Protein chains: 2
Amino acid sequence: MALGKDYATQQCSIARALEIVGERWTLLVVRDALYGVRRYNDFLVHLGIPRAVLAARLQTLTAEGILEKRRYQQSPPRDEYVLTDRGIALWPTLRALGLWGREHYTDARLRSFRHADCGTELGAYGECPACGGVVPVGDVVMWPGPGLDRDPADPVSRVLLKPKRLLEPLETESV
Amino acid sequence: MALGKDYATQQCSIARALEIVGERWTLLVVRDALYGVRRYNDFLVHLGIPRAVLAARLQTLTAEGILEKRRYQQSPPRDEYVLTDRGIALWPTLRALGLWGREHYTDARLRSFRHADCGTELGAYGECPACGGVVPVGDVVMWPGPGLDRDPADPVSRVLLKPKRLLEPLETESV
DNA sequence: CAGGTCAGTTCATTGACTGAACCGTAAGGA
DNA sequence: TCCTTACGGTTCAGTCAATGAACTGACCTG
């Protein structure tokens with residue numbers, strides 16, 4: 001990861017994981033991918049990330065098998081970046097991180113995550129308290145919370161103001 | 001976090017969390033703290049982190065209320081850094097990250113985490129499959145796995161070759 | 001007093017991130 | 001046909017963080 005040096009001396013799967021997803025922006029790209037963002041331009045406007053960094057991250061994530069580059073249009077040639085199973089497997093990590101951030105640093109409720117089948121808000125480990133099992137990522141619906149800006153500048157944030165199933169591609173991609 | 005810029009445009013508790021623990025080395029410092037490391041020099045040799053960076057991280061983590069600086073000896077004045085509740089609350093995140101790294105990138109089994117009361121290996125969410133509840137961090141015992149180097153260079157790693165309850169201070173601190 | 005330990009700070013160098021500009025392909029419109 | 005726009009990048013100069021080695025200062029031990 002960053003600065004030519006990996007965590008070489010570490011014999012630890014946390015360190016290994018951080019070598020791959022520990023760079024600046026990387027986990028936010030994965031988060032957006034979970035939210036359904038798939039296209040370069042949508043990542044760009046939603047994250048406010050420098051273009052060069054985005055290109056580098058997408059390439060690394062693709063090389064690591066976390067995203068998959070997929071042609072969705074021949075002419076002009078356009079690719080989208082879709083999460084692989086390995087990428088989807090980062091959901092518990094992001095969930096835990098988001099919960100921690102919400103608990104300790106975010107005042108307002110920004111989003112909630114609910115079980116699509118029954119509408120119950122997920123528990124701390126992504127399980128459904130009502131149905132009593134871990135909810136697959138594709139069955140999680142993200143709801144906007146009261147703390148969210150009602151009139152964001154970028155189109156991607158605007159689309160995300162509506163309840164949205166995770167992994168489902170954004171509609172009106174690149175409005 | 002890194003490079004003067006925070007994730008300012010992000011309305012997201014994941015982004016907020018990453019502003020605090022997303023910098024290089026930070027999560028590894030927290031991990032070591034969970035393992036029982038408390039002293040500057042022990043972090044230093046175990047992580048192989050540059051001294052200046054370690055000092056900066058310890059200061060930030062203390063300022064953020066994740067670590068607490070505590071004088072344990074008057075003369076010469078010596079402080080140790082102990083996890084607060086806020087820091088301990090990062091355990092699920094690190095657990096998820098480690099599990100992901102192990103699943104996807106680590107070949108050998110490096111460590112396992114078991115419930116102190118019954119010896120059962122923890123489930124994916126830090127629960128005990130036998131006792132059927134989430135195990136408090138202080139009741140988790142870390143066991144070395146077969147993939148671990150049997151003869152590491154630094155004394156901290158050597159201490160960690162024995163089963164070790166999380167949060168419990170390292171014995172033979174600074175051998 | 002010499003030597004060692006611990007917990008830092010200082011500093012020159014390296015290298016990653018940033019922001020702005022530029023580029024190539026292709027579509028759409030006049 | 002020419003002009004413009006959209007998309008998905010690449011290039012580049014400037015900035016800022018990480019690195020590693022050296023240094024500091026307080027204190028203990030022999």
Side-chain angles (χ1 to χ4, degrees), chain A residues 1-9 18-29 37-62 67 69-82 154-156 170 172-175, chain B residues 1-9 18-29 37-62 67 69-82 154-156 170 172-175:
Chain A
M1 76 169 285
L3 286 177
K5 259 207 63 169
D6 43 340
Y7 299 119
T9 66
L18 286 173
E19 285 180 13
I20 295 160
V21 297
E23 287 176 305
R24 185 153 158 74
W25 294 111
T26 302
L27 278 178
L28 291 184
V29 170
V37 177
R38 294 185 168 190
R39 301 190 186 175
Y40 183 91
N41 216 52
D42 289 338
F43 285 111
L44 202 65
V45 301
H46 189 229
L47 290 172
I49 180 178
R51 308 174 79 86
V53 178
L54 177 58
R57 293 296 179 275
L58 290 175
Q59 199 167 17
T60 307
L61 287 171
T62 305
L67 294 177
K69 195 170 181 171
R70 185 190 290 171
R71 172 114 346 152
Y72 68 90
Q73 169 183 301
Q74 287 304 332
S75 167
R78 290 284 180 268
D79 301 308
E80 58 185 9
Y81 297 87
V82 187
D154 70 287
V156 176
L170 246 56
T172 178
E173 303 251 9
S174 322
V175 186
Chain B
M1 74 168 288
L3 286 177
K5 257 209 62 168
D6 43 339
Y7 298 119
T9 66
L18 285 174
E19 285 181 12
I20 295 160
V21 297
E23 286 176 305
R24 185 154 159 73
W25 293 111
T26 302
L27 277 178
L28 291 184
V29 171
V37 176
R38 294 186 170 192
R39 302 192 185 174
Y40 183 90
N41 217 51
D42 288 339
F43 284 111
L44 202 66
V45 300
H46 189 230
L47 290 172
I49 182 179
R51 308 176 79 87
V53 178
L54 177 58
R57 293 297 179 273
L58 290 174
Q59 199 169 16
T60 306
L61 287 170
T62 305
L67 294 178
K69 193 170 181 172
R70 185 188 291 170
R71 172 117 341 159
Y72 68 89
Q73 170 183 301
Q74 286 304 333
S75 165
R78 290 283 180 269
D79 301 308
E80 57 185 9
Y81 297 88
V82 187
D154 71 285
V156 176
L170 246 57
T172 177
E173 302 251 9
S174 322
V175 185

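Here the structure is a predicted model, which means the values were calculated and not measured. All values below come from the heavy atoms of this structure, side chains included, with hydrogens, waters and symmetry mates left out.
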Inset, instruction - Answer yes or no: is there a side-chain heavy-atom contact under 4.5 Å between B/V82 and B/L67? - result: no
Legend entry - Rounded interatomic separation in angstrom, taking CD from B/Q59 and P from D/dA18: 14 Å
Inset, instruction - Would you indicate which nucleotide in C/dA7, D/dT19, D/dG8 comes nearest to any side-chain atom of B/V53? - result: D/dT19
Protein-nucleotides 24-28 of chain D N/O pairs closer than 3.5 Å?
from, atom 1, to, atom 2, distance (Å)
D/dC27, O3', B/S75, OG, 3.2
D/dC27, O3', B/P76, N, 3.4
D/dC28, OP1, B/S75, O, 3.1
D/dC28, OP1, B/S75, OG, 2.1

Inset, instruction - Specify the separation, in whole Å, of atom CZ of B/R39 and atom P of C/dG8. - result: 13 Å
Legend entry - Distance under 6.0 Å and angle within 45° of ring axis: A/R24 vs B/Y7: yes
Legend entry - Distance test, side-chain N/O of B/W25 to OP1/OP2 of D/dT19, below 4.0 Å: yes
Legend entry - Separation of C/dG24 C1' from A/Y40 OH (nearest whole Å): 14 Å
Inset, instruction - Compute whether any side-chain donor of one residue and acceptor of the other, for A/R39 and A/Y72, lie under 3.5 angstrom apart. - result: yes
Inset, instruction - Compare side-chain N and O positions of B/Y81 against OP1 and OP2 of C/dG8 and report whether any pair is under 4.0 Å apart. - result: yes
Inset, instruction - Find the distance B/R71:CZ to C/dA7:P and express it as a whole number of Å. - result: 11 Å
Legend entry - Point-to-point distance, once rounded to the nearest 0.5 Å, from NZ of A/K69 to CG of A/L61: 12.5 Å
Inset, instruction - Measure from the side chain of B/A55, starting at C-beta and using heavy atoms only, and say which of C/dG8, C/dA7, C/dT18 lies closest. - result: C/dG8
Legend entry - Over all atoms of both residues, closest heavy-atom pair of A/V21 and A/L27: O-CG, 3.5 Å
Legend entry - Any donor-acceptor N or O pair under 3.5 Å, side chains A/Y40, A/R78: no
Inset, instruction - Figure out the CD1/C1' separation between B/I49 and D/dG20, and round it to whole Å. - result: 13 Å
Inset, instruction - Please state how far atom CG in A/L54 lies from atom C1' in D/dG9, giving the value in whole angstrom units. - result: 10 Å
Legend entry - B/T26 side chain near B/V29 side chain, heavy-atom distance below 4.5 Å: no
Inset, instruction - Identify which nucleotide among D/dA18, C/dT10, D/dC7 has an atom closest to any side-chain atom of B/A52, counting heavy atoms from C-beta outward. - result: C/dT10
Legend entry - Euclidean distance, atom CD of residue B/E23 to atom C1' of D/dA18 [Å, nearest integer]: 11 Å
Inset, instruction - Nearest whole angstrom, please: distance from the C1' of C/dG15 to the CZ of B/R24. - result: 12 Å
Inset, instruction - Give a yes/no on whether any side-chain N or O of B/R51 is located under 4.0 angstrom from OP1 or OP2 of D/dC23. - result: no
